[in-house]
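Notes follow once the structure below has been shown.
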Amino acid sequence: MTDTPRPIRVLFLCTGNTARSQMAQTLLKHHGGARYDVTSAGLEPGMVNPLTVQVLQEQGLPTAHLQAKGVKPLIAEHFTYVITVCDRAEANCPIFPNATYRLAWAFDDPAAATGNDAERLQVFRRVRDEIDARIQAWVAARA
């Protein structure tokens, strides 16, 4: 009988849980598979941005699970990593007494992009690709 290692629990935290943290959650699930139990939350959760859904679907990634969630119910949970993906979340991150590590990965806020739809979509794609590269390197370093 082999013991299956417990998954590494990861929480991605952002301000609104509408774009960057949702992308990070979906991309880590994709690249990390069963090795990771991953969720995301926001300090002030809003609605998942439709462009977040679009750029993830462009990569063939599932989006039906996407839902903005607040961080408060998660504070007492055990996480191996709490990773903030924006400067505001890092500056205002609550203390997670049961988290082993806290990391800060700041990415531009694609929801703040201006311009026409095509220009805004391009910013969402760029941020998605930056998060994807960071996650792939992070997962590879832990393989």
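All figures in this text were calculated on a predicted structure; none of them were measured in a lab. Residues: numbered from 1 along the sequence shown.
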Is the count of non-hydrogen atoms from other residues, nucleotides or ligands lying under 6.0 Å from [X] atom [atom1] greater than 12?
X: D117; atom1: CG; answer: no
X: R6; atom1: CZ; answer: no
X: D129; atom1: CG; answer: yes

When rounded to the nearest 0.5 angstrom, what is the spacing between [atom1] in [X] and [atom2] in [Y]?
X: T39; Y: K69; atom1: OG1; atom2: NZ; value: 4.0 Å
X: R125; Y: L56; atom1: CZ; atom2: CG; value: 12.0 Å
X: Q54; Y: T52; atom1: CD; atom2: OG1; value: 10.0 Å
X: K29; Y: L61; atom1: NZ; atom2: CG; value: 11.5 Å
X: Q59; Y: D132; atom1: CD; atom2: CG; value: 6.5 Å
X: T26; Y: H31; atom1: OG1; atom2: NE2; value: 10.5 Å

For [Y], is there any backbone N or O sitting under 3.5 Å from a side-chain donor or acceptor partner on [X]?
X: R20; Y: C14; answer: no
X: R128; Y: M23; answer: no
X: R88; Y: T15; answer: no
X: E90; Y: A104; answer: no
X: Q22; Y: N17; answer: yes

Tell me yes or no: between the side chains of N98 and E77, is some donor less than 3.5 Å from an acceptor? no
I'd like to know if the side chain of T18 pairs up with that of N49 as donor and acceptor (distance under 3.5 Å, no hydrogens or angles considered). no
Shortest non-hydrogen separation from G70 to P73 and the atoms involved: O-CD, 3.6 Å
Heavy-atom closest pair (V123 atom, P110 atom, distance to 0.1 Å) is CG1-CA, 3.8 Å
Spell out, yes or no, whether L11 and W138 are grouped together once hydrophobic residues are joined by side-chain heavy atoms under 4.5 Å, including indirect joins. no
Parallel under 30°, tilted from 30 to 60°, perpendicular over 60°: which one fits the rings of Y101 and Y81? parallel
In terms of the angle between their ring planes, are F12 and W105 parallel, tilted or perpendicular, with boundaries placed at 30° and 60°? tilted
Starting from the C-alpha separation in whole Å, work towards a yes-or-no answer on salt bridge (charged side-chain N to carboxylate O under 4.0 Å, His left out) for D108 and R126. CA-CA 9 Å; D108 291 341; R126 176 181 56 80; 3.2 Å; yes
With I131 as reference, evaluate L27, V85, L28 under the side-chain contact (heavy atoms from CB on, under 4.5 Å) test and give the passing residue. L27
